[in-house]
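Structure record follows, encoded as structure tokens.
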Amino acid sequence: MPGAYYTIARTPTMTVWERLYLPEIARGLTITMRHLVTNLIHIDRRITIEYPEQKPKFPQGYRAEHRLMLRPDDTVRCTACMLCATACPANCIEIVAEDVGDNRVEKRPRIFTINELRCVFCGLCVEACPCDAIRMDTGKFENSAYSRGEFIYDIKKLMTNHPEGLSPYSTALY
Ligand code: SF4
Ligand code: SF4
């Protein structure tokens, strides 16, 4: 056909060494043994762990379930400014504000929910928050439940979702 472009698939030719078969078997086994020995030497760096008895170590900054930080008087730090909800690309944060009668903060969330199923764990909500009111440092990643509704975290759940050993209070100024 004029103008058509054809490529011819050629069968690769094997060298005499490869045709002998046994040397290639030996080469393959050498590679396998090399990986085995390397893994044994660096046994502490193995990727496979005995989960769930053994918990994975997460790098610093790993983004897990959210939590809402508290003030020293155990009220929520969030001022319902909506910046996190605006930044969220998955549109999974819902906030309804109410007045607090305090001129310093003016508002607080009456409703604050995060749909953890829709969340893509990008961390933009944490970045957007001007008062360190929301964090994703819980290390909680084992998300399982019997219904989808259990993944919609309300304000109570978020205010108490603090892992053992991590303070629920922020050191931010206000
Ligand atoms: S981590 Fe990302 S997707 Fe999840 S709630 Fe925050 S901004 Fe939205
Ligand atoms: S969590 Fe932070 S960014 Fe989101 S509404 Fe509250 S104060 Fe604003």
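Ligands are counted one by one from 1 in listed order, and the atoms in each one are counted from 1 as well. This structure is a prediction, so every number in the text was calculated from the model and none was measured.
Distances from ligand 1 to the non-hydrogen atoms of A87 include no value under 4.0 Å.
The contact set between ligand 1 and C119, taken as ligand atoms under 4.0 Å from a residue heavy atom, comprises 1 (S), 3 (S), 4 (Fe), 5 (S). Here is the list of ligand 1 atoms found below 4.0 Å of a heavy atom in P89: 7 (S). For ligand 2, the atoms sitting less than 4.0 Å from at least one non-hydrogen atom of T79 are 6 (Fe), 7 (S), numbered in the order shown with element in parentheses. Shown in contact with C131 at under 4.0 Å from a heavy atom are these atoms of ligand 2, numbered in order with element: 7 (S). For ligand 2, the atoms lying closer than 4.0 Å to a non-hydrogen atom of I95 are 5 (S). The C81 neighbourhood of ligand 2 comprises atoms 3 (S), 5 (S), 7 (S), 8 (Fe), with distances under 4.0 Å to a heavy atom of that residue. Shown in contact with F121 at under 4.0 Å from a heavy atom are these atoms of ligand 1, numbered in order with element: 1 (S), 4 (Fe). Close contacts of ligand 1 with G123, meaning ligand atoms under 4.0 Å from a residue heavy atom, involve 1 (S), 2 (Fe).
T38 is not listed as a side-chain neighbour of H35, based on a closest heavy-atom distance of 4.5 Å or more. In this structure, R118 and N91 have side chains that are in contact, with non-hydrogen atoms separated by less than 4.5 Å. Contact of the D137 side chain with the R67 side chain is registered, since non-hydrogen atoms from C-beta on lie closer than 4.5 Å.
Atom 2 (Fe) of ligand 2 has C129 SG, 2.4 Å as its closest protein atom, hydrogens excluded (heavy atom only). For atom 6 (Fe) of ligand 2, the nearest protein heavy atom (residue, atom name, distance) is C78 SG, 2.3 Å. In terms of protein heavy-atom proximity, atom 4 (Fe) of ligand 2 is closest to C84 SG, 2.3 Å. Among protein heavy atoms, atom 3 (S) of ligand 1 sits closest to V120 N, 3.3 Å. In this structure, the protein non-hydrogen atom closest to atom 8 (Fe) of ligand 1 is C88 SG, 2.3 Å. For atom 7 (S) of ligand 1, the closest heavy atom belonging to the protein is C125 N, 3.3 Å.
With H66 as the fixed residue, the side chain to side chain donor-acceptor pair (under 3.5 Å) test singles out one of K140, E116, R135, K157: E116.
Contacts with ligand 2 closer than 4.0 Å are made by no heavy atom of I93, backbone or side chain. With a 4.0 Å heavy-atom cut-off, ligand 1 is reached by the side chain of M136 but not by its N, CA, C or O. Under 4.0 angstrom from ligand 2, there are no non-hydrogen atoms of P109. Counting heavy atoms closer than 4.0 Å to ligand 1, residue H66 contributes side-chain atoms (C-beta onward) but none from N, CA, C or O.
The heavy-atom pair separating V105 from V100 by the smallest distance is CG2-CG2, 3.9 Å.
To the nearest 0.5 Å, atoms CD1 (I95) and OG1 (T86) are separated by 8.0 Å. Rounded to the nearest 0.5 Å, atoms CE (M69) and SG (C78) are 12.5 Å apart.
Under 3.5 Å, the side chains of E65 and N161 contain a donor-acceptor pair of N or O atoms.
Using modelled atom types, no side-chain atom of E24 and backbone atom of Y21 make a donor-acceptor pair closer than 3.5 Å. Proximity of a side-chain donor or acceptor of K107 to a complementary backbone N or O of A80 within less than 3.5 Å is detected.
Classification of the F141-Y51 ring pair by plane angle, with boundaries at 30° and 60°, yields tilted.
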Practice task
Walk me through it: do E142 and K55 pass the test salt bridge (charged side-chain N to carboxylate O under 4.0 Å, His left out)?
Solution key: CA-CA 11 Å; E142 294 152 315; K55 299 290 181 192; 3.0 Å; yes
